[in-house]
Asker: 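Sharing a structure with you now.
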Amino acid sequence: LTQSWLFRRPEVRSALGLPLSRAQAATATAAAGSELSGPAPSDADANDMYLWWGGGQPKSADPAPLPRPPSDGSVERLIVLAAELRAAGDLKGTGEVLARAADLAPAHPRVHFALAQTTGKLRQWARAAAHYRACLDHEPDPSERARALQGLGVALSMQGEMGQAAEAVRSAVDLSPQDPRLKVLLASMLRQGGGVGADMEEAVELLRHAAQLDPLVKDAYLNPLLKELGHPVDG
C-alpha cells in the first residue's frame, strides 16, 4: 500500500506539516543527540489559538488496511512533490498538488488529511473542514480519526460554528481519552464559545482530568480558569 507507506515516512510527514508519531519523534530527537521530554513537538497549525502543544497520537496496534493507490503511481509522485513544495515553503503549490492527488484518490483519508492541514494553514477554513470530513468518511484508524476530528473542530470554530466545533472535539476525546491536549482544546472551545453554567463546569472538569494526565495543565489552564470563574484554585 504505497500511499500508506509514504504517509508513514517521517520526512514526508514533516514536510507536509503532519504530526510525527512518538516513535518517529523519539528517533529524530535521538539522532540530534538530545532527549525527548513530554509530548513530541508538532506543527501547531491553527491550534495555536488554543495554546496547543504538539505531538503525535499513539498509533493503533493493528490499523485496518487503507485503499490501494492507482496502479500508475501518479498519486505517489504527487505526494512526494507536495512534500517538496511544502518543505520549500510553497503552501499554495502544496495545496494545488494535494488537490490533484485527492481527485485521483478520493477514498484515501491521508491525502484528505494532508490537504485539510494545508488549506487550514492558508486560512481556507471551509475547504479544510470539507477535507477533514472526507478524511473521516474513509479513515479506519481511531488515532487518525481523533486527529481529523481535532482539525475539524478548529476549522469549524474559525468559521464561528462553536457548537459543532465542540462536538467534533468531544468525539475526538471519546476516541483518545488519555490525550490531555484534546481535553484542553475542548475546554478552551467551551470557554471561547461564551459558555456559562454547565459548559464552564464541563470545562473545569475536563481540565482537572487533563491535569491528572499532564501536570503542566494545572498552572497553565486549570487555575487561570478557576480564578476567572471566582473559584478557589487547585493546590
Asker: I need the single residue from Leu225, Leu186, Leu226 that forms a side-chain contact (heavy atoms from CB on, under 4.5 Å) with Leu207. Which is it?
Answerer: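 It is Leu225; the other options fail the test.
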Asker: Quick check: does any side chain N or O of Thr94 sit under 3.5 Å from a backbone N or O of Arg86, one acting as donor and the other as acceptor?
Answerer: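 It does hold such a pair.
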Asker: Asp234: which residues meet the side-chain hydrogen bond (donor to acceptor under 3.5 Å, both in side chains) condition with it, sequence neighbours left out?
Answerer: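 So Asp234 forms a side-chain hydrogen bond (donor to acceptor under 3.5 Å, both in side chains) with Arg208.
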Asker: Mind checking whether Leu229 and Val217 sit in one hydrophobic cluster, side chains of I, L, V, M, F, W, Y counted as touching below 4.5 Å?
Answerer: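 Yes.
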Asker: Can a salt bridge be assigned to the pair Arg191 and Glu228 using a cut-off of 4.0 Å between side-chain N and carboxylate O?
Answerer: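 Looking at Glu228 together with Arg191, the answer is yes, because their closest N to O distance falls below 4.0 Å.
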Asker: Could you tell me which non-hydrogen atom of Ala166 sits nearest to which non-hydrogen atom of Leu190, and how far apart they are?
Answerer: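 Closest pair (atom of Ala166, atom of Leu190, distance): CB-CD2, 4.4 Å.
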Asker: When rounded to the nearest 0.5 angstrom, what distance separates CG in Leu152 from CG in Leu156?
Answerer: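 Interatomic distance, Leu152 CG to Leu156 CG, rounded to 0.5 Å: 4.5 Å.
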Asker: With the 4.5 Å side-chain cut-off for hydrophobic clustering, are Leu104 and Leu85 part of the same group?
Answerer: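 Looking at the clustering, Leu85 is in the same group as Leu104.
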Asker: Are the side chain of Arg145 and the backbone N or O of Leu136 linked by a donor-acceptor pair below 3.5 Å?
Answerer: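 Judged by distance alone, yes, a pair lies under 3.5 Å.
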Asker: So among Arg147, Gln117, Arg127, Glu139, which one has a side-chain hydrogen bond (donor to acceptor under 3.5 Å, both in side chains) with Tyr132?
Answerer: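 Single side-chain hydrogen bond (donor to acceptor under 3.5 Å, both in side chains) partner of Tyr132 among Arg147, Gln117, Arg127, Glu139: Gln117.
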Asker: Leu213, Leu222: one ILVMFWY side-chain cluster at the under-4.5 Å cut-off?
Answerer: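 Leu213 does not cluster with Leu222.
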Asker: Take Leu206 and Arg170, measure what side-chain contact (heavy atoms from CB on, under 4.5 Å) needs, and give me the verdict at the end.
Answerer: CA-CA 10 Å; Leu206 283 163; Arg170 189 174 280 110; 6.0 Å; no
Asker: Atom NZ in Lys92, atom CD in Gln124: separation rounded to 0.5 Å?
Answerer: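 The distance works out to 9.5 Å.
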Asker: Once rounded to the nearest 0.5 Å, what's the spacing between atom CG of Asp103 and atom OG of Ser74?
Answerer: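 The CG atom of Asp103 sits 11.0 Å away from the OG atom of Ser74.
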Asker: Kindly work out whether a path of hydrophobic side-chain contacts (I/L/V/M/F/W/Y, heavy atoms less than 4.5 Å apart) joins Val75 to Leu81.
Answerer: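 Same cluster.
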Asker: Measure up the His131 and His112 rings against each other and bin them: parallel (under 30°), tilted (30 to 60°), perpendicular (over 60°).
Answerer: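 Answer is parallel, since the angle falls under 30°.
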Asker: Would the distance check show the side chain of Ser188 and the main-chain N or O of Leu185 forming a donor-acceptor pair, the cut-off being under 3.5 Å?
Answerer: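 Judged by distance alone, no pair lies under 3.5 Å.
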Asker: So, does Lys183 use its side chain to make a donor-acceptor pair with the main chain of Pro177 at under 3.5 Å?
Answerer: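 Yes; at least one donor-acceptor contact below 3.5 Å.
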Asker: Are Leu91 and Met158 joined in one hydrophobic group, where the rule is that I, L, V, M, F, W and Y side chains link up if heavy atoms are under 4.5 Å apart?
Answerer: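 In one cluster with Leu91: Met158, no.
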Asker: Please check: side-chain N/O of Thr118 versus main-chain N/O of Ala114, any donor-acceptor pairing under 3.5 Å?
Answerer: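 Such a contact is found between Thr118 side chain and Ala114 backbone.
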Asker: When you compare the side chain of Met200 with that of His231, does any pair of heavy atoms fall below 4.5 Å?
Answerer: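 Heavy-atom side-chain distance check fails, nothing below 4.5 Å.
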Asker: State, to 0.1 Å, how close Gly153 and Ala165 come at their nearest heavy-atom pair, and which atoms those are.
Answerer: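 Distance-wise, the nearest heavy atoms are O-CB, 3.1 Å.
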Asker: How long is the gap from CG on Leu216 to NZ on Lys218, to the nearest 0.5 Å?
Answerer: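 Here the rounded value is 11.0 Å.
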Asker: Spell out, as yes or no, whether a donor-acceptor pair under 3.5 Å connects the side chain of Ser176 to the backbone of Val173.
Answerer: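 Side chain of Ser176 to backbone of Val173: no pair is present.
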Asker: How long is the gap from NE2 on His209 to CD on Gln178, to the nearest 0.5 Å?
Answerer: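 Reported to 0.5 Å precision, the distance equals 10.5 Å.
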Asker: With sequence neighbours excluded, tell me which residues meet side-chain hydrogen bond (donor to acceptor under 3.5 Å, both in side chains) with Glu96.
Answerer: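 side-chain hydrogen bond (donor to acceptor under 3.5 Å, both in side chains) list for Glu96, sorted by chain: empty.
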Asker: Taking Ala155's backbone N and O only, do any of them form a donor-acceptor pair with Gln159's side chain (distance below 3.5 Å, no angle check)?
Answerer: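 Answer holds: yes.
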Asker: Quick check for you: to the nearest 0.5 Å, what is the distance between Arg133 atom CZ and Leu149 atom CG?
Answerer: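 Nearest 0.5 Å value for the CZ-CG distance: 10.5 Å.
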Asker: Measure across Ala102 and Leu115 and return the closest heavy-atom pair with its distance rounded to 0.1 Å.
Answerer: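 Of all heavy-atom pairs spanning Ala102 and Leu115, the closest is CB-CD2, 4.2 Å.
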Asker: Between Ala203 and Ala187, what is the shortest heavy-atom contact and its length?
Answerer: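 So the two residues come closest at O-CB, 3.7 Å.
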Asker: For residues Val184 and Asp214, determine if any side-chain heavy atom of one lies less than 4.5 Å from a side-chain heavy atom of the other.
Answerer: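 Side-chain contact under 4.5 Å: no.
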